[in-house]
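Written below as structure tokens is the structure these notes are about.
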Amino acid sequence: MSRSIDLHQISTAKTNEKAIDGKTGGLINIDEFVTWQATHFGIKQKLTSKITAFHRPFHFRDEQLKGPFKFIVHDHYFEKQYDKIVMRDIFKFQSPFGFAGKLADKLILSNYLKKLLTHRNHIIKEFAETVKWKRILE
């Protein structure tokens with residue numbers, strides 16, 4: 001579910017995120033890229049990310065190739081715990097613009113991105129734990 005381009009678009013509807021280039025539907029895989037267009041802080045922007053590591057079913061990584069950040073590295077880890085799968089996200093990023101960027105990261109962007117990812121993960125959980133997953137994977 002975390003690799004689903006379609007579910008990503010559903011889970012980020014508030015920012016009007018759309019896949020506009022590369023892999024634009026289905027499940028993204030190693031060495032594939034997607035360009036997202038979204039509106040954040042009232043500004044329409046594009047970000048291209050690529051799956052750079054993939055150890056199914058335990059881990060995958062996406063990294064920004066082009067976009068507004070100096071870098072983004074997003075690791076997704078999956079672990080079976082009893083009868084459930086637990087996902088752990090490690091999201092590292094840095095804005096450009098030196099000290100001003102670091103200040104923006106600390107004061108604004110860290111909290112904003114955490115809320116965005118938390119909301120997205122709640123949607124993924126909802127789809128995974130109900131029959132909604134069939135809309136995405138079938």
Side-chain angles (χ1 to χ4, degrees):
M1 304 301 289
S2 293
R3 294 188 298 122
S4 170
I5 300 294
D6 306 299
L7 186 53
H8 184 107
Q9 291 177 122
I10 291 167
S11 68
T12 56
K14 289 180 181 180
T15 58
N16 199 29
E17 226 162 292
K18 303 285 180 222
I20 60 167
D21 193 23
K23 183 76 171 180
T24 59
L27 298 178
I28 193 164
N29 290 298
I30 186 74
D31 293 328
E32 292 182 327
F33 77 92
V34 58
T35 298
W36 298 103
Q37 182 174 284
T39 303
H40 298 279
F41 303 107
I43 302 166
K44 189 181 278 190
Q45 41 196 297
K46 294 179 184 176
L47 183 144
T48 301
S49 63
K50 180 179 179 179
I51 303 299
T52 59
F54 188 40
H55 308 306
R56 186 173 183 220
F58 306 107
H59 168 254
F60 74 94
R61 170 183 284 171
D62 59 269
E63 296 185 57
Q64 175 188 279
L65 296 178
K66 288 188 256 181
F69 291 90
K70 185 174 181 179
F71 72 83
I72 294 176
V73 177
H74 187 183
D75 286 293
H76 311 255
Y77 293 95
F78 306 90
E79 181 182 338
K80 186 171 183 178
Q81 292 183 359
Y82 304 104
D83 63 340
K84 296 185 181 203
I85 303 297
V86 175
M87 182 182 75
R88 183 171 47 101
D89 268 342
I90 298 178
F91 188 85
K92 297 178 183 176
F93 74 97
Q94 186 177 343
S95 295
F97 310 121
F99 178 75
K102 288 180 183 180
L103 193 59
D105 290 349
K106 187 172 188 135
L107 296 177
I108 301 165
L109 290 173
S110 289
N111 192 42
Y112 178 80
L113 292 169
K114 184 177 180 178
K115 285 180 182 177
L116 188 77
L117 289 171
T118 299
H119 174 75
R120 180 168 149 58
N121 287 340
H122 283 296
I123 300 293
I124 292 170
K125 184 177 189 298
E126 176 186 334
F127 272 70
E129 293 179 349
T130 67
V131 296
K132 288 183 176 183
W133 68 268
K134 291 180 180 184
R135 291 181 14 209
I136 303 301
L137 298 180
E138 285 190 334

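Please read all numbers here as calculations on a predicted model, not as lab measurements. For reference, positions follow the sequence shown, starting with 1.
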Would you say the side chain of [Y] lies within less than 4.5 Å of the side chain of [X], judging by non-hydrogen atoms?
X      : Y      : result
Arg3   : Ile51  : no
Glu126 : Met1   : no
Phe93  : Gln64  : no
Lys14  : His119 : yes
Ser11  : Phe127 : no
Glu63  : Lys50  : no

Distance from [X] atom [atom1] to [Y] atom [atom2], nearest 0.5 Å?
X     : Y     : atom1 : atom2 : answer
Ile5  : Ile10 : CD1   : CD1   : 12.0 Å
Asp62 : Phe54 : CG    : CZ    : 12.0 Å
Thr12 : Gln9  : OG1   : CD    : 7.0 Å

Phe99 CZ: over 12 foreign heavy atoms closer than 6.0 Å:
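Atom CZ in Phe99 is not crowded, with 12 or fewer foreign heavy atoms closer than 6.0 Å.
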Verify the neighbour count for atom NZ of Lys70: are there more than 12 heavy atoms of other residues, nucleotides or ligands below 6.0 Å?
no
Looking only at heavy atoms, which two atoms of [X] and [Y] are closest? And how far apart?
X      : Y      : result
Ile136 : Ser4   : CG2-OG, 3.0 Å
Phe33  : Ile28  : C-CD1, 4.0 Å
Lys23  : Gly25  : CE-O, 3.0 Å
Phe41  : Ile108 : CZ-CG2, 3.8 Å
Leu47  : Ile72  : CD1-CD1, 3.6 Å
Gly101 : Ser95  : O-CB, 3.8 Å

What's the verdict on side-chain contact (heavy atoms from CB on, under 4.5 Å) for Phe69 and Leu113, showing C-alpha distance, side-chain angles and the deciding distance?
CA-CA 12 Å; Phe69 291 90; Leu113 292 169; 4.1 Å; yes
Can you tell me how the ring of Phe78 sits relative to the ring of His76, calling it parallel under 30°, perpendicular over 60° and tilted otherwise?
parallel
Plane angle bin for His8 and Trp36 - parallel if under 30°, tilted between 30 and 60°, otherwise perpendicular
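Rings of Trp36 and His8: parallel, under 30°.
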The side-chain hydrogen bond (donor to acceptor under 3.5 Å, both in side chains) partners of His59 (sequence neighbours excluded) come to Asp75
Report the residues that fulfil side-chain hydrogen bond (donor to acceptor under 3.5 Å, both in side chains) with Thr39, sequence neighbours left out, ordered by chain and then residue number.
none
Would a distance-only check, ignoring hydrogens and angles, find a side-chain to backbone donor-acceptor pair under 3.5 Å from Ser110 to Asp105?
yes
Check whether any side-chain N or O of Asp6 sits under 3.5 Å from a backbone N or O of Gly26 as a donor-acceptor pair, and report yes or no.
yes
Using the side-chain contact (heavy atoms from CB on, under 4.5 Å) rule, take Arg120 and Ile123 through it: C-alpha gap first, then chi angles, then the decisive distance, then the call.
CA-CA 5 Å; Arg120 180 168 149 58; Ile123 300 293; 5.8 Å; no
Same apolar cluster: Leu65 and Val73, side chain cutoff 4.5 Å:
no
Between Lys92 and Phe71, is the side-chain contact (heavy atoms from CB on, under 4.5 Å) condition met? List the steps.
CA-CA 8 Å; Lys92 297 178 183 176; Phe71 72 83; 4.2 Å; yes
side-chain contact (heavy atoms from CB on, under 4.5 Å) between Lys46 and Gln37, worked out:
CA-CA 4 Å; Lys46 294 179 184 176; Gln37 182 174 284; 3.4 Å; yes
Hey, what else clusters with Ile90 if you join Ile, Leu, Val, Met, Phe, Trp, Tyr whenever side-chain heavy atoms sit under 4.5 Å?
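Its cluster partners, ordered by chain and number, are Tyr77.
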